[in-house]
Protein chains: 2
Amino acid sequence: MSTAPTVYDVAERSGVSIATVSRVYRNPDSVRAQTRERVLAAARELGYVPSGNARGLASRSTGVLGLCFPDYSDPDAESEAETGAGDEADNDAAMLYSDQIIRGMERAARRHGYALLIAASLKGGPESLVAKVAGRVDGFAVLARTVPTEELEVISRRQPVVMLAGPRESDDLDHLDHIEVANADGQRELTRHLIEDHGLRRLAYVGSAEESPDVEARFRGYVEACRAAGIQVSDAPDLRVGMMTQPEGARAADVLLDRPGDRPEALLFANDQMAVGALHTLERRGVRVPEDIAVTGFDGIALSRLVRPALTTVRQPMRRMGEEAVELLVRRLTGRQDKEPVSMVLPVSVARRESCGCASRGAAPA
Amino acid sequence: MSTAPTVYDVAERSGVSIATVSRVYRNPDSVRAQTRERVLAAARELGYVPSGNARGLASRSTGVLGLCFPDYSDPDAESEAETGAGDEADNDAAMLYSDQIIRGMERAARRHGYALLIAASLKGGPESLVAKVAGRVDGFAVLARTVPTEELEVISRRQPVVMLAGPRESDDLDHLDHIEVANADGQRELTRHLIEDHGLRRLAYVGSAEESPDVEARFRGYVEACRAAGIQVSDAPDLRVGMMTQPEGARAADVLLDRPGDRPEALLFANDQMAVGALHTLERRGVRVPEDIAVTGFDGIALSRLVRPALTTVRQPMRRMGEEAVELLVRRLTGRQDKEPVSMVLPVSVARRESCGCASRGAAPA
DNA sequence: ATGAAAGCGCTAACAG
DNA sequence: CTGTTAGCGCTTTCAT
């Protein structure tokens, strides 16, 4: 791999100036056909490929959009090798939040002629992830809580950034475009369903210990639904766990079941992962779902439909969120920049499945 | 969004040279702590973010790895809005081949400190997709048949490229690293299973019309297994379809069932999509699977486990393929380049589910 | 239609 | 430890 050929090499070989070589690639029609062919031929012979970096540098634009997301450290990374039937489900199910967003962004970016640069955060030196991404793209989306607010603030002064999932974190960032889902609405509707349609009244809500606007909003929806039905609720979740993982969910179920007093008729979790964990606990303890107790999640991850009983949950349109993010970025990139910050709330939908008592035999064919 | 601050601005503001500013970012320890702080402070105030392009240009490396894949035009793109239960399965199931590879690459890239640039092909001017990606990354992977061989040949002379899925397409490309899956082995084993374990002997194989090394290899495995069992087979699939999609699969099932002569005892499809389509046809016609006829696919897409009956298929380790691709690239990027081209074949595994007659009640809990 | 020349913002020796 | 000085490869006026 000797040193790569440049415009100069191509220019020399085809007997034109570097400017012409450049034109052949940027604006073919501005060059006489014959000349163009000569240049293209030389380029081919030399194995010339324009340097994206040089281009970006000279033209101040890259044709690339970015996405930064948190390093959902992913423990199943190594389980890949196994072929046991048991982990098969988990494997596909590990189709995460971020993966869906990536898909959505990729599709939309493609439509607009952009490529997509993706990177998960990873603690580093003064040189953080965002900076790396930011330096190589025309604009990018960030999953909430992925990067320090301050850093984002600095960067967003220079290029379009759209914040995903989770309301604006601070006032410093209120000039960013921003997309969230109707967390409260979804949880409220799901709770209402449990109360009105299934007649349940002793509910327990499991939230998270760490502050998360999304989780807060979900809880708020829950509270609203309860109040609307005349059910007493405290203004804090019945339980808060640390990580919102399956193990934590499993533990949470134990805790809730072992509490003195009447056993809850329904366990509402702030996300699917926890709910699935709870399902395990319940099965182990011989508590039937939904006959003895209802269980619900939030997110609508693939796994939620694979478990038995299939999990009733609130589905978030993550893919669409990715698409909208790109639309917003493209709009900023092409329009005048003086537009007001956009803030959109994507609707969610309740997936009524078995774990709440709805009879739907989940496994629909294709 | 005025013009972005540069090293010069930061240098001036902090009273140092641009070289020092650069050092602060590239090699913080080589700068006196006090100086460093001053620079960082200035950078923060100015909203300075290093330009990835300028960096890449000056240092001839980007810290980015790439992936090019074909534009599996994706008809479900718009179906997102619907909330009908019917398409719910399809939606998740649309977790494609490429998505899995992306996941694998992203994980591995992250481990090595690289970001990932992804782009689907899209016909364009003289300026193709690969060129765009190639110009912005240190090395990249290409899904077979995504880009013209010639172009790839040219590019691969300049930077590491690994070809994914499908054997080397031509001799021009035999210097590329290359990863494929054991297509023939998988199909052979699956076929053997049908013959020996289920005692089926009248088999029909559905391949694709367009030339695809992978599909050819699968068919080869099928033929080998048949021959080994003393079953007569012609040297071409019983049917070839155009697109390997669900509709085509559905049609194929009709064709095969309507052919004069004994009805086949098993329909083997070269991919899952077609097999799923066939399942529909069979259900519509009242042909029971697997009682009346067995059906098998190939790939192991998520959908294969969601349909009823669950599809027996050959699972490809697509995620792992992505990971290995990154490992290969990183190795090329860090080592001496004189190494021989690597060619690895990833093992596959047969997923015995219901559609072949194996009793496994698919829906495993988490 | 094509050429000349001036950067784009940063890194990388090489001096101090 | 820090400053100087060249480029890196391409786009882009401005001429011709």
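Letters A, B, ... mirror the listed sequences (proteins, then strands); counts begin at 1. Worth knowing before you read on, the calculation uses all heavy atoms, side chains too, and leaves out hydrogens, waters and symmetry mates.
Between A:Thr6 and D:dG9 there is no side-chain polar atom (N or O) within less than 4.0 angstrom of OP1 or OP2. A sub-4.0 Å separation between OP1 or OP2 of D:dG3 and a side-chain N or O of B:Thr20 is present. Between D:dT2 and B:Thr35, a contact under 4.0 Å exists linking OP1 or OP2 to a side-chain N or O.
In this structure, B:Leu57 atom CG and C:dG7 atom C1' are separated by 12 Å, rounded to whole Å. The nearest whole Å value for the distance from the CZ atom in A:Arg36 to the P atom in C:dA1 is 11 Å. Summarising the geometry, the separation between CG on A:Leu46 and C1' on D:dG9 is reported as 14 Å, rounded to the nearest angstrom. Atom CD of B:Glu12 and atom C1' of C:dC10 are 17 Å apart (whole Å). The nearest whole Å value for the distance from the NZ atom in B:Lys132 to the P atom in D:dC10 is 16 Å.
For the residue pair B:His112 and B:Glu327, a side-chain donor N or O sits within less than 3.5 Å of a side-chain acceptor on the partner.
Exactly one residue among A:Leu329, A:Thr62, A:Asp138, A:Val64 makes a side-chain contact (heavy atoms from CB on, under 4.5 Å) with A:Tyr114. That residue is A:Asp138. B:Leu67 pairs with exactly one of B:Ile102, B:Val142, B:Leu117 by the side-chain contact (heavy atoms from CB on, under 4.5 Å) rule, that one being B:Ile102.
Under the side chain to side chain contact (heavy atoms under 4.5 Å, CB included) criterion, A:Val10 pairs with A:Ser14, A:Val21, A:Val39, A:Ala42, A:Ala43, A:Leu46, A:Tyr48, sequence neighbours left out.
In this structure, A:Arg332 and A:Glu340 approach most closely via the heavy-atom pair NH2-O, 2.9 Å. For B:Pro70 against B:Ala120, the heavy-atom pair with the smallest separation is O-CB, 4.2 Å.
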Fill in the blank from the handout: In 5'-to-3' order, the base (B), backbone-only (S) or no-contact (-) status of each nucleotide in nucleotides 11-16 of chain D, using a 4.0 angstrom heavy-atom cut-off, is BBB---

